[in-house]
Every structure is written in structure tokens, then in C-alpha cells.
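Notes follow once the structure below has been shown.
All chains are named by letter (A, B, ...) in the order of the sequence lines, taking the proteins before the strands, and each is independently numbered beginning at 1. These figures come from a predicted structure and were not determined experimentally.
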Amino acid sequence: MNKQDFEIRAMEYLCGEMNDVERREFEAELKKAPELEAELAELSASKDLLRQIPLPEMTEDEPAEDIGVRDPHIYKLTGQMSEKRDSIRTIAAMAAIFLATILTFTFVQFEAGQSEHGFYVHFGERGSESSTAFDEQDLKFLLDQIREENRLLMAAMLEQNQQVQNAQLEEALNLLTDYYERQRQRDLLFITEGLIELEENTQQRFRQTDEAFVDLLYALSNQ
Amino acid sequence: MDESALVKEAKGGCLQAFTALAGRWQSRIERFAYGYLGDHDDAAEVAQKTLIRVYSGLGSLQETGKFSSWIYRIANNLCLDEMKRAGRRKSEPLDPILSQDNANLSPDLIAEQKELGEFIHKALLTLPEEQRTVIILKEFEGLKFREIAEVLDQPENTVKSRMYYGLKALRKVLSNWNIPKEYLNDE
């Protein structure tokens with residue numbers, strides 16, 4: 001387990017975002033690396049300290065009475081109106097279907113009857129019977145169709161490849177971003193530590209200067 | 001009522017639904033902002049501004065299911081604005097703590113004065129804001145790393161990394177403030 005891997009997994013472990021298998025694996029790996037185990041204990045202690053911070057009480061207002069709760073009378077009235085509206089809609093829909101059927105039969109030359117082969121239903125003008133054999137035009141049409149399908153297939157494959165490449169690129173960019181982010185966080189940590197040390201040193205020097213002044217004043221006053 | 005349904009209604013212009021949402025979120029945002037800024041008045045102001053922004057921008061919210069990420073993002077941006085406005089990072093790093101003679105603070109004294117929590121909060125406030133935001137959203141608001149990544153629009157691993165360095169930096173700051181070792185170790 002490298003350092004970066006540890007950082008990520010330690011956080012998942014401490015925040016309870018690992019499943020049982022991952023947790024067991026992580027614990028087993030920790031046993032082989034006592035220094036990482038010690039670091040994890042420190043991180044855990046720091047995390048626990050955060051619970052000491054006094055936060056304002058959460059007053060979660062659940063304003064159920066403000067919303068959704070209405071006069072039951074209104075519900076009753078709206079319910080009756082809704083039922084009435086439903087029945088009107090049903091009647092109107094049936095009438096529309098009936099009218100549409102009559103109009104269709106009138107305008108599309110509907111014909112029904114019985115021939116020597118059985119019953120038939122026919123809409124529109126009767127066409128002449130066509131031959132089932134393929135002629136040159138049909139073949140050309142079929143070839144065009146196959147070509148078009150091949151073209152679409154190729155386009156789909158190219159798009160799929162493009163998507164895979166994009167995903168790979170995105171993943172690589174994410175990894176790079178992660179890397180830079182970690183570097184930045186490290187730098188920030190160093191800077192924070194440096195600032196703290198600088199501040200401590202400055203204070204120390206101030207104290208020393210103050211002491212020197214006091215000594216000097218004491219010496220001068222004695223003279 | 002389910003939050004997503006409330007958001008839909010509020011988006012449709014229902015004032016009652018918005019009031020209900022505001023009631024649910026106000027104290028939560030205030031707590032988040034307090035964790036971030038360490039000041040009750042500033043936190044209340046941020047919460048109020050957040051709700052105003054939510055009210056005016058609710059129409060632009062595309063996915064009602066992502067309301068919580070959206071509102072935290074607004075609150076986070078407002079906290080950052082507030083910090084920039086007040087120039088806190090420059091003016092309030094360690095002075096209030098180091099000016100005290102904390103080397104003489106015994107664990108008993110700290111416990112008596114109930115100051116440990118405040119010390120830790122002050123230490124948290126010295127962390128870089130990116131680390132602080134992640135720690136607050138994780139520890140105080142109880143969000144999952146995936147949700148925090150959504151709020152901050154960052155990769156999940158970046159969020160975890162910020163949490164790691166944030167905890168390390170917190171420990172370092174507290175050690176430098178001479179907080180007794182027994183508080184820093186989980187023994």
C-alpha cells in the first residue's frame with residue numbers, strides 16, 4: 001500500500017465508507033505496517049476531537065401544518081368535483097371514438113365481405129396484384145438499404161470508440177488532477193507548518209528582546 | 001412531505017412549500033456557517049442570504065433531487081465571500097490563542113473552563129478553507145464523500161485527500177498550541 005493509497009483508504013475507513021471486505025483487507029494490510037497503523041490512530045484521534053466543538057442546536061422545523069394540511073371540507077368538495085369530471089371525460093371519449101370510426105369508414109372506402117378464400121376487410125381503392133419476384137430495381141433498393149445500414153453501423157462503432165477514448169482521457173485527467181491536488185495539499189500543510197513555526201520564532205524573539213530591554217533598564221537604573 | 005416534492009412545489013411558486021423548506025434548512029445552514037466562520041451573527045447572516053439566493057434561484061435548479069448539494073454549495077460560496085470580505089485569513093490566524101499563556105494550561109483547567117471545544121474550533125478555523133469545508137461537511141453535516149464531491153464539484157479522491165491533510169494539519173496546530181498529549185492521542 002503506497003502513501004496515496006493509504007490517505008484515501010484511511011479516510012474511507014475512519015468515516016465508515018468501506019464495506020466489510022474492504023475493511024478487513026485494510027486492517028490486514030495495516031497489521032503489516034505498524035507506522036501506518038500508528039498514523040491511522042492519530043488521524044482517528046484528531047477526528048474524534050472534532051466532536052468536542054460546541055455547535056448551535058439544530059431546530060428542525062417540520063412545518064407540516066403550513067403545507068399540505070387543508071380543511072377536510074375542501075378535500076370533500078374537490079373529491080366530488082374530480083369524480084364528476086372523470087365521468088364527463090369518459091362519455092366524451094366514447095363519443096369521440098364513435099365519431100372517428102364513422103368518419104373513417106366514410107372517407108377511406110371501407111369494404112368488408114366474403115370471397116372464395118374467406119372473409120375480407122378492405123380500405124381504399126383496390127390495387128392490382130404484384131409479382132413477388134425481384135427485379136433490377138428491387139435489388140438496387142436492397143443494396144442501397146444494406147449500404148445505408150453498414151454506414152450507420154460504422155458510425156455507431158466510431159462513436160462508441162470515441163466515447164471510450166473520451167472516458168479514458170477523462171480518467172487520465174482526473175488522475176492528474178488528483179495528483180496535483182495532493183501535491184497542493186502537501187504544500188499547504190508545509191506552508192501552514194512553516195507559518196506556525198515562524199510565528200513561534202517571532203514571538204520567542206520578541207520575548208528575548210523584551211527580556212534584554214528589561215535587563216538593560218535594570219542595569220541603567222542601577223548605575 | 002418528501003423534500004423533493006417540496007422543492008418541486010416551491011419551484012412552481014408555492015410560497016408555503018418554500019417556507020417549509022426554509023424551516024428545514026435554516027438551522028442546518030446556520031450550523032454549517034458557524035462551523036466555517038466561528039461566529040453566530042455571521043452564521044445567521046449567511047443562512048439568511050443563502051435562503052434568499054435559494055428563493056431567487058430555485059427556478060434555475062434543474063434536478064430537484066440535488067437540492068441539498070445545491071444549497072450547501074450556495075452556503076459554502078457565501079461563507080467564502082464572507083471570509084474574503086472580513087479578511088479573516090490574514091487577521092485571525094493564531095493570535096487569540098498564542099497571546100494566552102497556554103503552556104500553563106493543565107488538562108483540569110481546560111476541562112473546568114470547557115474551553116477544549118473552543119480551542120479545537122479555533123484550530124479548525126486556521127485550516128485552509130478547502131480542508132475546513134470538507135471536514136465540516138463530513139463531521140458536522142454527516143455527508144458522504146460522494147455528496148461532498150458533488151457539493152464542491154471535485155473528484156471524490158480529492159475530497160478524501162483534503163480530509164486527510166485537514167486532520168493532519170489540525171493535529172499539528174493543536175500540538176503547537178500545547179494542547180496536552182492525552183487529548184491528542186486516542187489511548
Side-chain angles (χ1 to χ4, degrees), chain A residues 4 6-12 14-17 39-69 173-175 177-193 195-197 199-200 202-203, chain B residues 1 6 9 14 16-17 19-20 22-24 26-28 30-31 34-35 40 43 93-94 98 114 116-121 123-124 126-128 130-131 135 138-140 144-146 154-155 157-174 176 183-187:
Chain A
Q4 290 171 0
F6 171 74
E7 288 171 17
I8 306 288
R9 289 170 75 191
M11 290 303 102
E12 289 170 352
L14 286 180
C15 297
E17 293 200 22
E39 192 179 343
L40 185 77
E42 284 185 2
L43 289 165
S44 175
S46 303
K47 189 174 171 295
D48 289 345
L49 279 175
L50 292 164
R51 291 190 201 140
Q52 308 270 353
I53 296 176
L55 289 174
E57 288 290 315
M58 265 247 308
T59 51
E60 188 143 346
D61 301 335
E62 185 64 47
E65 63 278 6
D66 290 340
I67 47 148
V69 179
L173 281 172
N174 278 338
L175 284 171
T177 313
D178 279 353
Y179 171 75
Y180 280 122
E181 177 65 22
R182 271 193 288 273
Q183 293 296 332
R184 204 159 68 83
Q185 295 299 327
R186 271 200 202 105
D187 292 346
L188 274 172
L189 187 67
F190 290 142
I191 290 167
T192 311
E193 287 174 4
L195 279 173
I196 292 165
E197 277 169 17
E199 199 140 5
E200 276 178 347
T202 312
Q203 289 223 341
Chain B
M1 187 189 272
L6 267 182
E9 284 200 18
C14 176
Q16 282 177 321
T19 312
R24 282 185 187 186
Q26 185 159 18
S27 56
R28 213 180 296 180
E30 206 171 315
R31 188 182 59 180
Y34 176 73
H40 286 288
L94 306 175
L98 290 179
K114 294 181 181 175
L116 181 63
E118 287 168 20
F119 271 63
I120 296 162
H121 197 181
L124 179 66
T126 65
L127 300 188
E130 315 165 317
Q131 296 170 1
I135 289 179
K138 185 76 209 163
E139 289 303 308
F140 302 167
K144 300 238 175 241
F145 283 123
R146 177 182 47 77
Q154 293 287 336
N157 281 350
T158 302
V159 171
K160 288 170 192 167
S161 182
R162 284 182 186 178
M163 177 93 184
Y164 171 85
Y165 284 104
L167 290 178
K168 295 270 283 184
L170 185 75
R171 185 179 178 83
K172 180 80 184 166
V173 172
L174 289 170
N176 282 310
Y183 288 105
L184 302 179
N185 296 328
D186 63 341
E187 290 160 359

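- Between chain B and the options Asn174(A), Leu14(A), Leu50(A), heavy-atom pairs under 4.5 Å are most frequent for Leu50(A).
- Checked options Arg186(A), Arg184(A), Glu181(A), Arg182(A); the residue passing with Tyr165(B) is Arg186(A) (criterion: side chain to side chain donor-acceptor pair (under 3.5 Å)).
- Note that the CZ atom of Arg9(A) and the CG atom of Asn157(B) stand 12.0 Å from one another [nearest 0.5 Å].
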Report the C-alpha separation of Tyr164(B) and Gln4(A) in whole Å, then their side-chain angles, then the decisive distance to 0.1 Å, and conclude whether the side-chain hydrogen bond (donor to acceptor under 3.5 Å, both in side chains) test is met.
CA-CA 10 Å; Tyr164(B) 171 85; Gln4(A) 290 171 0; over 6 Å; no
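- Between the side chain of Glu17(A) and the backbone N or O of Phe145(B), at least one donor-acceptor pair lies under 3.5 Å.
- Between Thr192(A) atom OG1 and Lys172(B) atom NZ the span is 10.5 Å, to the nearest 0.5 Å.
- Electrostatic pairing of Glu7(A) and Lys160(B) does not count as a salt bridge here, judged by no charged N lying under 4.0 Å from a carboxylate O.
- For Ile8(A), the parts lying under 4.5 angstrom from a heavy atom of chain B are both the backbone and the side chain.
- A pairwise comparison of heavy atoms in Ile53(A) and Phe140(B) identifies CD1-CZ, 3.7 Å as the closest pair.
- With a 4.5 angstrom heavy-atom cutoff, Phe6(A) touches chain B only via side-chain atoms.
- Of the listed residues Glu130(B), His40(B), Met163(B), Arg146(B), the one with more heavy-atom pairs under 4.5 angstrom with chain A than any other is Glu130(B).
- Here the shortest heavy-atom pairing between Ser46(A) and Leu170(B) reads O-CD2, 3.9 Å.
- A salt bridge does not link Glu42(A) to Lys168(B): none of the charged side-chain nitrogens sits closer than 4.0 Å to a carboxylate oxygen.
- At a threshold of 4.0 Å, the pair Arg51(A)-Glu139(B) does not count as salt-bridged, since none of the basic side-chain nitrogens sits closer than that to a carboxylate oxygen.
- Taken to the nearest 0.5 Å, the CG atom of Leu49(A) stands 4.5 Å off from the CD1 atom of Ile120(B).
- Atom OG1 of Thr126(B) is separated from atom CD1 of Ile196(A) by 6.5 Å, given to the nearest 0.5 angstrom.
- Looking at Gln131(B), the atoms closer than 4.5 Å to chain A (heavy atoms on both sides) all sit in the side chain, from C-beta outward.
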